[in-house]
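The structure under discussion appears below in the form of structure tokens.
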Amino acid sequence: MSQKKQFYINFLAQLLYTAVNLSINFFLVPKIINNINATAYGFISLSTDFVNYIGLITVALNALSSRFIIINYHKKEYKKANEYFNSTLFANLTIGGFIAIGSFFFITFIDRILNIPVDLVNDVRILFTMVIMNFLTGMTLSVFQVSTNISNKLYLNNIVNIVSQIIRCIILFTAYTYLPMNIWYIGFSQFVCAIIYNTSSYIFCKKLTPEIKISPKFVHIKKCVELTKNGIWSLISTISSMLTNGLDLLITNLLVGSASMGILSIPRSIYSVICTLFESLAITFNPKIIYNVAKENIKDLQYQLVFSYKFLSMFSNTIIATFIILGMNFFELWVPSQDANVLALIAKISVLDLIISMPMQSFNHIYTAFNKIKFPAVVSILFSVATLIVEFIGLSLTKSNIIKLLFISSTSSFFLGLKYLTFTPIYSAKLLNLKKTFFYPIIFRNLIAFIISLSFGYLLYNFISIESWFTFFVACLFIAPVASIITFLINFNKDEKMRVIKLFQSLLKKTKNV
């Protein structure tokens, strides 16, 4: 299969998986909020953040393991690839055992650590147990996922994800229709998905990369030390990301209250879905980026980054502009029991940084590909510390819980957007031996495209009356294409426009064949 066809299939599969996952959240969130309450839903989001916290333990080891395995595999140095693979696998299994022991004590005393309403304690305890089991399954076996990256067959992961998410839908529909209302069903369904996904990853690894062997003889402490030493800066970078965004719910729970955390978790779920979508779409460019670095094809790498930015900007401008225009209507229909004004305002403030950061998601992969992650990590931690300092100062200056939520959302959004506007394009250009300002013309052109898209969208919105889901989706069908077309016309040159048109034509053909 040609590389272009592989990209098309990977991209289409990722879109389908995201659509399925988004559909689950779309129907599930209002059901939980209406049948339990927003506070309970907040603990679902917090449990996800929690496993991200404990996942920091393995970031240094795992951050660059795939990079070393893939690079050596492409160079046909299979012995080295096996050493990195097995050292990572057995180290993860060992670390997973210690995490399981620590998690047992955390879950036992969870009601003394977090602010949990008495009637939710047992439910939250079971939820965290399931989510941690899900995390341990994925963490210990994550190294098997490298095979689809090596072979550039990421669509296989997405196909399995789609199947597992359909099974998850069946589990959740059955549980929330025929069983008493509990939030831990979410964790159980995720655990089932993790088993399916990681079992498939193991099978793919055996089939796609037969040169990779599982054997203790390939385990070397020195490889673990090397990976950890190189990955320590990825750990710092991950910590900085959590300080910027990942601590919002925990800070709100501890300093504002569990009810406010529940309110924040609703718009935060939209933010997370958008981020996950673009991180996943950017991954479809990753195999080609790593391949070009391994083969030292810097010119192709430069073109790949520029095209990925423009391509992703077409989706980011469409989604974010449409959401900003229709956000109020969305929350009124989605969670009618909540204050749509507050939710829409928090959500709109939260997504502002995404206008800049989302098209640049593929840029993040070049730090790892070049093994140049130290400086980005230091810069990220400085931005994160600044975010926390400003947040704590702001929280101390007001007594209004709503103002506190708005301040938390706006602060993290501001500093994240600032980082992607200043550091990311300059340092990426430096790695490619380009002028520091090389990427700024496409960034500013995209901002102009977004402003024009938003303006035309609001003009259309004035002629639309939204009173139901049907009219809401009709409005989306009018506003979203306008943003896509405007971005397409402004951002792409003639050759790139032809490439995008051919890409979508191929995607349509693939869709018809499915």
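More than 12 heavy atoms of other residues, nucleotides or ligands lie within 6.0 Å of OH in Tyr78, so this atom counts as buried by the packing criterion. The number of heavy atoms from other shown groups lying within 6.0 Å of CD1 (Ile113) is above 12. Counted within 6.0 Å of CZ on Phe173, heavy atoms from surrounding residues, nucleotides or ligands total 12 or fewer; the atom is thus considered open. The environment of Lys348 atom NZ is dense: over 12 non-hydrogen atoms of other residues, nucleotides or ligands sit within 6.0 angstrom. Annotation: Phe188, atom CZ; neighbour count of heavy atoms from other residues, nucleotides and ligands within 6.0 Å does not exceed 12.
Distance check, rounded to the nearest 0.5 Å: OG of Ser189 to CG of Leu172 gives 4.0 Å. With rounding to the nearest 0.5 angstrom, the CD1 atom of Ile162 is 12.5 Å from the CD1 atom of Ile167. Rounded to the nearest 0.5 angstrom, Ile214 CD1 and Asn82 CG are separated by 9.5 Å. Taken from CG in Asp339 to CZ in Phe331, the straight-line distance is 11.5 Å, to the nearest 0.5 Å. A distance of 6.5 Å separates CD1 in Ile95 from CE in Met139, rounded to the nearest 0.5 Å. In this structure, Ile71 CD1 and Ile150 CD1 are separated by 10.5 Å, a value rounded to the nearest 0.5 Å.
Ion pair Glu226/Lys222 not flagged as a salt bridge, since none of the NZ, NE, NH1 or NH2 atoms sits closer than 4.0 Å to an Asp/Glu carboxylate oxygen. A salt bridge is absent between Asp353 and Lys419: the closest approach of a Lys/Arg side-chain nitrogen to an acidic carboxylate oxygen does not fall below 4.0 angstrom.
Cation-pi geometry between Arg112 and Phe109 is not met: the NZ or CZ atom fails to fall both under 6.0 Å from the ring centre and inside 45° of the normal.
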Could you give me the CA-CA distance, side-chain angles and deciding distance for Ile355 and Leu352, then say whether side-chain contact (heavy atoms from CB on, under 4.5 Å) is met?
CA-CA 6 Å; Ile355 302 166; Leu352 288 178; 4.2 Å; yes
Dump the intermediate steps for side-chain contact (heavy atoms from CB on, under 4.5 Å) on Leu395 and Ile408, then the final yes or no.
CA-CA 8 Å; Leu395 292 175; Ile408 290 173; 4.0 Å; yes
Please lay out, stage by stage, how Phe218 and Tyr84 fare under the test ring-ring contact (aromatic ring centres under 6.0 Å, His included).
CA-CA 8 Å; Phe218 290 116; Tyr84 285 116; over 10 Å; no
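A donor-acceptor pair under 3.5 Å is formed between the side chain of Ser413 and the backbone N or O of Ile349. Judged by distance alone, with hydrogens and angles left aside, the side-chain atoms of Asn86 form a donor-acceptor pair with the main-chain N or O of Ser215 at under 3.5 Å. Remark: side-chain polar atoms of Arg125 are paired, donor with acceptor, to backbone N or O of Ile107 under 3.5 angstrom. In this structure a side-chain-to-backbone donor-acceptor pair under 3.5 Å is present from Ser87 to His220. Side-chain atoms of Thr148 come within 3.5 Å of backbone N or O of Gln145 as a donor-acceptor pair. With hydrogens and angles ignored, the 3.5 Å screen pairs no side-chain donor or acceptor of Asn134 with any backbone N or O of Met130.
The six-membered or imidazole ring of Phe128 lies away from that of Phe43, with a centre-to-centre distance of 6.0 Å or more. Phe363 has its ring centre no less than 6.0 Å from the ring centre of Tyr367. The aromatic ring centres of Phe375 and Phe423 sit less than 6.0 Å apart. Between Phe144 and Phe85, the distance from one ring center to the other falls under 6.0 angstrom.
What you find for Ser409 and Ile346 is that their closest heavy atoms are OG-CG2, 3.2 Å. Taking each heavy atom of Leu343 and Ile263 in turn, the nearest pair found is CD2-O, 3.6 Å. In plain terms, the two heavy atoms of Ile99 and Phe135 that are nearest each other are CD1-CE2, 4.1 Å. Closest non-hydrogen pair, Thr137 versus Ala194, comes out as CG2-O, 4.1 Å. Here the shortest heavy-atom pairing between Leu127 and Gly187 reads CD1-N, 3.9 Å. Across every non-hydrogen atom of Leu136 and Gly96, the tightest pair is CD2-O, 3.7 Å.
For the pair Phe50/Leu46, no side-chain contact is recorded, criterion being any heavy-atom separation below 4.5 Å from C-beta on. Counting heavy atoms from C-beta outward, Val163 and Ile196 have side chains that stay 4.5 Å or more apart. You'll find the side chain of Ser410 stays beyond 4.5 Å of the side chain of Leu406, heavy atoms only. Ile389 is listed as a side-chain neighbour of Ile393, based on a closest heavy-atom distance under 4.5 Å. Side-chain contact check for Asn182 versus Tyr185: some heavy-atom pair is nearer than 4.5 Å. Within the 4.5 Å cutoff, the side chain of Ile171 has no heavy atoms near those of the Arg168 side chain.
Partner of Ser316 under the side-chain contact (heavy atoms from CB on, under 4.5 Å) criterion, chosen from Gln361, Met358, Met360: Met358.
Checking Tyr73 against Asn149 by side-chain atom types alone, no donor-acceptor pair falls below 3.5 Å. No hydrogens or angles considered: a donor-acceptor pair under 3.5 Å links the side chains of Ser362 and Ser308.
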